[in-house]
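First the structure, in the form of structure tokens, and then the observations on it.
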Amino acid sequence: MTENYSAINWNAIDDQIDKATWEKLTEQFWLDTRIPLSNDLSDWRTFDEDHQWVVGHVFGGLTLLDTLQSQEGMASLRKDVQTQHETAVLNNIQFMESVHAKSYSSIFSTLNTPEQIDEIFDWSDSEEFLQNKALKIRDIYENEPDPLKKKVASVFLETFLFYSGFYTPLWYLGHNKIPNVAEIIKLILRDESVHGTYIGYKFQIGFNQLSKAKQEDMKNWIYDFLYKLYGNEEKYTHILYDQTGWTEDVLTFIRYNANKALMNLGQDPLFPDTAEDVNPVVMNGISTSTANHDFFSQVGNGYLLGNVESMNDSDYDI
Ligand code: MN3
Ligand code: MN3
């Protein structure tokens, strides 16, 4: 006889973090179509060719990574859930990853010509170091039997590997340029902050149940994987940023975020870089996006459905 099929019961919660995360994520739901991107065209037209190239290709890279999260990432993590409510949360995350992936196309269609858009997608579908990182993460999602390592891959992707791309819109936000494009990135960052915290939390539950010896093995695997990803990320960053002179600043920023990814997993930082080392202009951009999104606090910053507004100058007063 087969086991009966169980209806999900939201009145009997196994893990309160599932419920709190569901509420947080649904409260901060948004769509790219609500952001008035065309207001940024006057800024965009003042950028030289090198800087327009960086913006377009940074978003090409981010599109590829959000595609991976929406198509393979959450489907892979969903196989290892411990509660039915965890499945519901991962379903929400998966849909939002599709919103993220689509939102960059809204940016392209506003700022770029059809020829430029084709070139950006040809580039992201073939650029060696971008493809390396996507394929390294996909390999874990598809072939790694250990559910904890799959969670590590997801947290590394979302809290570390996206940040070479996020640097550009945050830099512009700090300079009061293309604020509506940056607004989309802020909304994505706010989602990723919850995703990374939640999946990191689920990792830590499993990690804490391992023997001391197995925990040591896991730590070694985590730091070894992070080193490999960082080595590739350095090369990707040079390709993207050398013509703007931003490369060293971006590398500091991604080391800082690598430490945050380790923190989400309950592990010690690897790099000496702290918030004080990051370009303050970019930290200002980040802090406007994170000022009010204390995880689980239920204090939203006004981006309820139907209430997303155009950015204005006062939003940058820190
Ligand atoms: Mn995403
Ligand atoms: Mn995510």
Side-chain angles (χ1 to χ4, degrees), residues 17-18 20-35 58-81 86-108 124 130 133-134 136-138 140-141 147 149-170 181-203 229 233 254 257-258 260-265 285-286 289-290 293 295-296 303 308:
I17 300 294
D18 293 336
T21 305
W22 173 271
E23 286 167 356
K24 184 78 186 153
L25 289 173
T26 51
E27 175 199 305
Q28 68 185 39
F29 176 74
W30 61 279
L31 287 171
D32 51 302
T33 46
R34 292 171 186 274
I35 315 288
V58 149
F59 291 142
L62 293 172
T63 304
L64 188 79
L65 302 182
D66 267 316
T67 305
L68 173 63
Q69 275 305 73
S70 67
Q71 293 184 170
E72 272 83 24
M74 293 308 106
S76 170
L77 297 195
R78 214 161 40 208
K79 292 176 183 157
D80 312 313
V81 295
E86 187 177 351
T87 304
V89 172
L90 294 179
N91 286 344
N92 173 299
I93 293 177
Q94 177 169 284
F95 175 72
M96 287 314 293
E97 301 303 353
S98 291
V99 173
H100 298 173
K102 178 178 175 292
S103 65
Y104 306 115
S105 286
S106 297
I107 296 172
F108 295 142
S124 60
L130 174 60
K133 72 169 154 177
K136 277 183 208 296
I137 299 294
R138 189 191 65 175
I140 305 279
Y141 287 152
K149 290 180 182 173
K150 286 156 66 176
K151 291 180 178 67
V152 172
S154 182
V155 170
F156 279 173
L157 179 61
E158 297 199 325
T159 313
F160 165 39
L161 298 176
F162 269 91
Y163 281 79
S164 50
F166 289 155
Y167 183 93
T168 295
L170 293 172
V181 168
E183 178 66 5
I184 288 206
I185 303 308
K186 281 169 52 178
L187 291 164
I188 292 175
L189 275 167
R190 193 180 58 170
D191 289 346
E192 298 308 353
S193 167
V194 180
H195 301 172
T197 310
Y198 178 72
I199 293 165
Y201 160 79
K202 292 290 182 180
F203 166 87
L229 292 170
E233 203 62 14
I254 64 179
N257 284 291
K260 295 196 93 172
L262 288 165
M263 198 181 74
N264 280 342
L265 297 168
I286 272 246
S289 72
T290 54
H293 79 254
F295 193 35
F296 306 137
Y303 295 111
V308 176

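Counting convention: from 1, in listed order, for ligands and their atoms alike.
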Which label fits F166 and F162: parallel for a plane angle under 30°, tilted from 30 to 60°, or perpendicular past 60°?
parallel

Are Y141 and K79 side-chain neighbours, meaning at least one heavy-atom pair lies under 4.5 Å?
no

Passes side-chain hydrogen bond (donor to acceptor under 3.5 Å, both in side chains), E86 versus T21? Steps please.
CA-CA 9 Å; E86 187 177 351; T21 305; over 6 Å; no

For I137 and A153 the tightest heavy-atom approach is CD1-O, 3.7 Å

Greater than 12 external heavy atoms within 6.0 Å of K260's NZ:
no

Look at the side chain of S103 and the backbone N and O of H100, then say whether any donor-acceptor pair between them is shorter than 3.5 Å.
yes

With 2.8 Å as the limit, count the protein N, O or S atoms near the Mn ion (ligand 2).
4

